[in-house]
Amino acid sequence: MTGPLVPFREVVLKVHSRCDLACDHCYVYEHADQSWRTRPRTISDDVIFRTAQRLAEHAKAHALPSVSVILHGGEPLLAGPARLRRVCEVLTSAFDGVAELDLRIHTNGLQLSPRYLDLFDEFGVRVGISLDGDRAANDRHRRYADGRSSHPLVLKAVELLRQERYRHLDLGLLCTVDIENDPIAVLDALTELDPPLIDFLLPHATWDDPPPRPDGSPTAYADWLLAVFDRWQEQGRPVPVRLFSSVLSTLSGGPSLTESLGLAPTDLVVVETDGQLEQVDSLKSAYEGAAATGFDVFTHTFDEVAAHPGVRARQLGLAGVSEACRRCPVVRSCGGGLYTHRYRSTGPSGEFDNPSVYCEDLAALVRGIEARTAASLVAPELTDPAELAASQRDLTRMLLARLNADVEERGDERWARAWELAAAVEASEEGARGLDEVLSHPYTRTWLLRALEALHERPGEVWDALRLPAYLAAAAVRAGLDLRVDVGYTDGRLVLPGLGELRIGGSGERGTARVRAVEGGLLVRRDEGDPAERRITLSSAAGPGWRPVRRLVVPGGASGPALDLVLDDLDPYRDCFAAPAAAALDDRAAADLLGRIGDAWALIGAKAPLRAAETAGRLTTLTPLTGLDPAEPAVGRHGRGALGIAADGSAEELALALLRGSRRAELQALADVTDLYAADGSWEHRIPWEEESVPFSRLLADTYERTALGAFEPRLLEGVPQALDTLEGAAELTVSGKRLLDLMRKEI
């Protein structure tokens, strides 16, 4: 087995090995492994102490912030309050100053009383209770040995846990699925109890001992769960359901939220009452000794258990599922199913190298939930440019808020004054609008990212962060606010983002200038004691020492839609591309480049008018770069709308660069705010036009680009339908990613 060792963050501690119920679906007593018969009934002091010591050592060695310990059985409450107190005391003491200890207990609830709950309150032990639904459903399996119902006592326990003084200890309800039960009645009975969480569990089964299917349907369990899902949706999702939340998370590109689904490596180990260290408990359903490792807490460390081949096999993620599962598009959501459910004693594959015995159920469940929720899960940014622009602004504002929090910790008075000024700018409607415009400038994002990185790499370095007043001055000018701002300048240059640059001193000079926004421009006084005040008119023309950011405005008409672009060769944060930023252009070079861009725009309007309209809405800023292929634009670390281009490209080359760049910039902007795919690089896919295999992200980016270029150069559409088919069948795709593919199919 390769890959780093995965430390244990969750431990199931068996405190009692017997139970006061005789549930006929219990994996501990009713399935293949009967090792419980030889275990001590109750955990001893020695086992408690050694477990706590080993686990604390493990947490310290791996710098784990927290570890969950689940008190389990049998029925853990049969250990009694005194024994449970001892467990809690020893574990709490061992973890003091090492890591946070998350104590939990899973119980059938029959013995639960205020005496236990007061103890649990003292040590912060949260309680999960097993309940299979209404009385008819629960009594189908959860009965006493003499057949008596356990339902009334379980309800009593749930009601006790719901009392105000104990409510904070409530973990929720665990329900084992039985397709003979009425799914609606089961969910209604559970939601009526208002638990903080419901966890539906498929009954443990293997290919040797498959789950019952009374009607022979290969998707009977999916059908049952989807009926529950529909009812849950109808009720307005009154209670979180872990199984459904996990599927919804993975469909949107997020992580799995349960061990029974998804590809996250297992980080759980079991300690039996005699100190034996075992793999996940459900393996007892496979065969006698399936969970055994041969290790114990007296002579072995948790690292030794983590390196056990059986444990490692459940930590391999995608590499740990069968070949059939790796090729399946829903594998990110189902994860090949619970490891135990893959067991088959005979056959060409290894014992666990098989799809789950619930394979068809899991696929139907994932697809069923996707079909029911796709419309609500798709990111609105995909179809609404205004939503994308708003999300991009929100992202930049979030970075600004984070920068404020980080600098505020350092107590810098200059930043505090600037932040107060920011609040003053935003207090008016005009100021808020002006600040939004400045935050939407692509290189504002670059500044924020660099400032945050500088703070983290060099905690005392706040100079990058102190660029904030320059952005506030630019916002005030845009908003027409009468506002005085002290703005730092570097190398003798005072740069107002998106507006221009004022030469205020000699090369290498650094200081602070007083900037005041006035109607049509600004007044600048170099340093506080300088009596001279310069007036700058914000027009397209340059003045003494003033270089405005140039614009290209092409009116709409028969040749295509209007275009309004900034040619920004001044911003100090424009060097965010892989290729170097060119030096500021002189007036002649800038006019020449702007003329060729205008000609390129006319070409796009003539050959691909729909693409012209799309591009006009996406690009805001062009920056000349050096060493770049004229037909190949660059996208860097910036906000939406910027593009790096070669300054020497022909109109034809620049047209291709604008079309390519528009798509690249848009895909990057979408990726900033929503997940179009997940687990990139886990698979490779053939790219039709290059006859090579590439990660999903590369195939998506190239295909997305070619669907736009095809209107300008039809030959570039060759292979795109095949690429779309490949993308559509890929496991990496999220619901939003699928919607993007739908849009691309319509485009071609």
Show the nearest heavy-atom pair for residues Leu248 and Arg237, with the distance to one decimal.
CD1-NH1, 3.7 Å
Give, for atom CD of Glu666 and atom CG of Leu382, the distance between the pair rounded to the nearest 0.5 Å.
9.5 Å
Residues Asp575 and Arg450 bridged, charged N to O under 4.0 Å:
yes
Decide, yes or no, whether a salt bridge links Arg663 with Glu747 under the criterion of side-chain N to carboxylate O below 4.0 Å.
yes
Under a 4.0 Å N-O cut-off, is there an ion pair linking Arg433 with Glu437?
no
If we only count heavy atoms from C-beta on, is the Thr490 to Pro572 side-chain gap below 4.5 Å?
no
With no hydrogens and no angle check, just 3.5 Å: does a side-chain donor-acceptor pair link Thr623 and Tyr443?
yes
Taking only Lys NZ, Arg NE, NH1 and NH2, and the carboxylate oxygens of Asp or Glu, determine whether Glu614 and Arg611 approach each other closer than 4.0 Å.
yes
Ser333 to Thr250 - nearest heavy-atom pair and separation:
OG-OG1, 2.8 Å
Ionic contact status for Arg698 with Asp702, cut-off 4.0 Å
yes
Run through Arg640, His441, Arg445 and flag the one making a side-chain hydrogen bond (donor to acceptor under 3.5 Å, both in side chains) with Thr396.
Arg445
Less than 3.5 Å apart, any donor N or O on the side chain of Thr734 or Asp675 sitting next to an acceptor on the other?
no
So, are Arg664 and Glu632 salt-bridged, with charged N and O less than 4.0 Å apart?
yes
Please work out which of the three classes, parallel, tilted or perpendicular, describes the rings of Tyr677 and Phe696, given edges at 30° and 60°.
tilted
Taking Arg596 for the side chain and Gly649 for the main chain, is one N or O donor matched with an acceptor at less than 3.5 Å?
yes
So, are Asp412 and Arg414 salt-bridged, with charged N and O less than 4.0 Å apart?
yes
With no hydrogens and no angle check, is any side-chain donor or acceptor of Glu732 less than 3.5 Å from a backbone partner on Gly681?
no
Which atom pairs, donor and acceptor, lie under 3.5 Å between side-chain atoms of residues 465-476 and protein residues at least two apart or in another chain?
none

Can you list every salt bridge (charged side-chain N to carboxylate O under 4.0 Å, His left out) pair that touches residues 620-630, not counting sequence neighbours?
none
Can you confirm whether the side chains of Glu381 and Ser391 place a donor and an acceptor under 3.5 Å from each other?
yes
Within the supplied structure, the quantity of interest is the number of heavy atoms (other residues, nucleotides, ligands) at a distance under 6.0 Å from Arg551 CZ; does it exceed 12?
yes
Between Arg574 and Asp569, does any NZ, NE, NH1 or NH2 come within less than 4.0 Å of an OD or OE carboxylate oxygen?
no
Backbone N or O of Gly508 within a donor-acceptor pair of the Asp491 side chain at under 3.5 Å?
yes
Scanning both residues in full, the closest heavy-atom pair of Ala631 with Arg660 reads O-NH1, 2.9 Å
Can you confirm if the aromatic rings of Phe8 and His62 lie within a centre distance of less than 6.0 Å?
no
Side-chain donor/acceptor of Arg332 to backbone N/O of Ala731, under 3.5 Å
yes
So, using side chain to side chain donor-acceptor pair (under 3.5 Å) as the criterion, who are the partners of Thr703 when residues are at least two apart?
none
